[in-house]
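Worksheet: the structure to be examined is printed underneath.
Predicted model only: the values in this text are computed from it and were never measured.
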Amino acid sequence: MAAQDDEVPLNAIRAFVTVAREGSVTRAASSLGTTQSSVSRYLSVLRDYLGADLIARRGRRSDLTEFGRLFANAVSEPLETVGFTAKRMRRRAAASTNRIVVRTSLSTFASSLLIPNLQAFSAEAGGVIVDVISSLSLPSSSDDFDILITRDLSVIEPADSWEIYNEELVCVGPPNLVAGRELSIVRSIPILNITSRPDILPTWLRAMNLSSNDIRAGARYDHNYLALPAVMTGKCLLVAPEIIVSDLVRGGALQIIPGSRAPSGMQYRAFAVDRSEHPEIARSFCRWVARLCKRATLAQAT
């Protein structure tokens, strides 16, 4: 039996777990992309290390001994976890030098402002490809992304951060409904409810010195990007972050009700994680999106 302080034969354990899963040395060798003799040598190394037989050969089958079954049950799941985690955390190969992943919890912000302008960043950064994924879950260090854009999540790993936007709320509606009207219109026209942002309407009402009894409740939508078509084509209003409706306002599809602007107290931030394979590109993207938001904010003021 090998000494207890000998190095653990991890490759032999991997080969054994594969044999246990496949039921034969032949299939295990095929799965591992190696030869039967190599798998047999690994099994021999592991048997010597543990001091017990793990496999009982019965013709072409390789059945587990009781000890082998107990060992396989103990190590199979941790080994899969190690492999899965390593694959998730593996940095992208050189072939992906000009590719970064942007993760965001702000799906409407991404669809209305970020994504329509990505081609400009790509041209500025020499053809960088930007993948965009959305998720409301708290990110972990095993998730595959270079940049996080959020207002309500945080990163639990080393990262540089940028403040990109202090959220302002406005009440909007279609021009044919709100043109020439004052803030009192909210007492008679339904206001849509966005269930993914339950904070927006109460925050805005407090800023306007109104209560829920002063307005008419409209239909419910999960996200602002679902509500925008409804407010553009219907007889209703929407309280939303100004940055996501600014292009629609400038284009004439929506109109802001005078006197309806108010800060929400929420701040959008961009994080460039240190483990990024392309940290300089990630930081450059964060600086770019900060400038993009600043331009959008200045355009709102004009």
Side-chain angles (χ1 to χ4, degrees), residues 104-114 116-117 149-152 162-270 289-302:
T104 182
S105 61
L106 311 175
S107 54
T108 306
F109 170 81
S111 63
S112 61
L113 184 70
L114 181 64
N117 289 284
I149 298 177
T150 184
R151 79 173 162 265
D152 48 7
W162 283 258
E163 298 175 2
I164 61 174
Y165 178 62
N166 290 314
E167 191 175 66
E168 295 274 333
L169 304 177
V170 290
C171 186
V172 296
N176 64 344
L177 185 67
V178 305
R181 307 287 293 274
E182 299 297 330
L183 188 59
S184 58
I185 189 178
V186 303
R187 297 179 181 274
S188 57
I189 304 298
I191 300 180
L192 301 182
N193 198 315
I194 310 302
T195 56
S196 65
R197 288 292 308 270
D199 59 301
I200 282 185
L201 195 52
T203 298
W204 182 81
L205 287 173
R206 285 194 298 271
M208 298 295 110
N209 293 317
L210 297 171
S211 72
S212 58
N213 294 326
D214 295 322
I215 63 170
R216 289 182 58 191
R220 295 177 181 269
Y221 289 86
D222 283 346
H223 300 281
N224 275 308
Y225 66 80
L226 298 175
L228 287 172
V231 74
M232 284 189 290
T233 59
K235 295 183 178 180
C236 53
L237 306 174
L238 175 68
V239 176
E242 187 172 10
I243 199 167
I244 70 169
V245 299
S246 57
D247 280 350
L248 295 171
V249 171
R250 284 193 294 273
L254 291 174
Q255 186 168 321
I256 297 174
I257 297 173
S260 69
R261 185 178 284 104
S264 74
M266 301 295 287
Q267 186 179 75
Y268 298 5
R269 300 184 68 88
V289 77
R291 294 195 303 270
L292 177 67
C293 291
K294 185 176 181 179
R295 289 196 300 269
T297 303
L298 291 174
Q300 293 165 12
T302 59

Does a donor on one side chain sit under 3.5 Å from an acceptor on the other, for D152 and S105?
yes

[X] to [Y] - nearest heavy-atom pair and separation:
X: L254; Y: P174; value: CD2-N, 4.2 Å
X: A110; Y: T104; value: CB-CG2, 4.0 Å
X: C236; Y: A230; value: SG-O, 3.7 Å
X: V172; Y: V249; value: CG1-CG2, 4.5 Å
X: K235; Y: I189; value: O-CG2, 3.9 Å
X: S260; Y: C171; value: OG-N, 3.1 Å

What salt bridge (Lys or Arg N to Asp or Glu O under 4.0 Å) pairs are there with at least one residue in residues 179-195, not counting sequence neighbours?
R187-D214

For residues 190-209, the salt bridge (Lys or Arg N to Asp or Glu O under 4.0 Å) pairs (sequence neighbours left out) are E167-R197, R197-D199

Does [X] reach the side chain of [Y], with side-chain heavy atoms less than 4.5 Å apart?
X: N224; Y: V245; result: no
X: I215; Y: L201; result: yes
X: I200; Y: I194; result: no
X: Y268; Y: I149; result: no
X: P263; Y: E168; result: yes
X: I243; Y: C293; result: yes
X: N166; Y: T297; result: no

So, [X] side chain and [Y] main chain: donor-acceptor pair closer than 3.5 Å or not?
X: R216; Y: S188; answer: yes
X: S196; Y: D222; answer: yes
X: W204; Y: A240; answer: no

Approximate separation, where rounding is to 0.5 Å, of [X] [atom1] and [Y] [atom2]:
X: T108; Y: L113; atom1: OG1; atom2: CG; value: 11.5 Å
X: W162; Y: R269; atom1: CH2; atom2: CZ; value: 10.5 Å
X: L210; Y: I191; atom1: CG; atom2: CD1; value: 8.0 Å
X: L237; Y: Q255; atom1: CG; atom2: CD; value: 11.5 Å
X: R295; Y: N117; atom1: CZ; atom2: CG; value: 7.0 Å
X: I164; Y: Q267; atom1: CD1; atom2: CD; value: 9.0 Å

Show, in sequence, the C-alpha distance, side-chain angles and deciding distance for T203 and V239, and conclude whether the side chain to side chain contact (heavy atoms under 4.5 Å, CB included) test is met.
CA-CA 10 Å; T203 298; V239 176; over 6 Å; no

More than 12 heavy atoms of other residues, nucleotides or ligands under 6.0 Å from CZ of R220: yes or no?
no

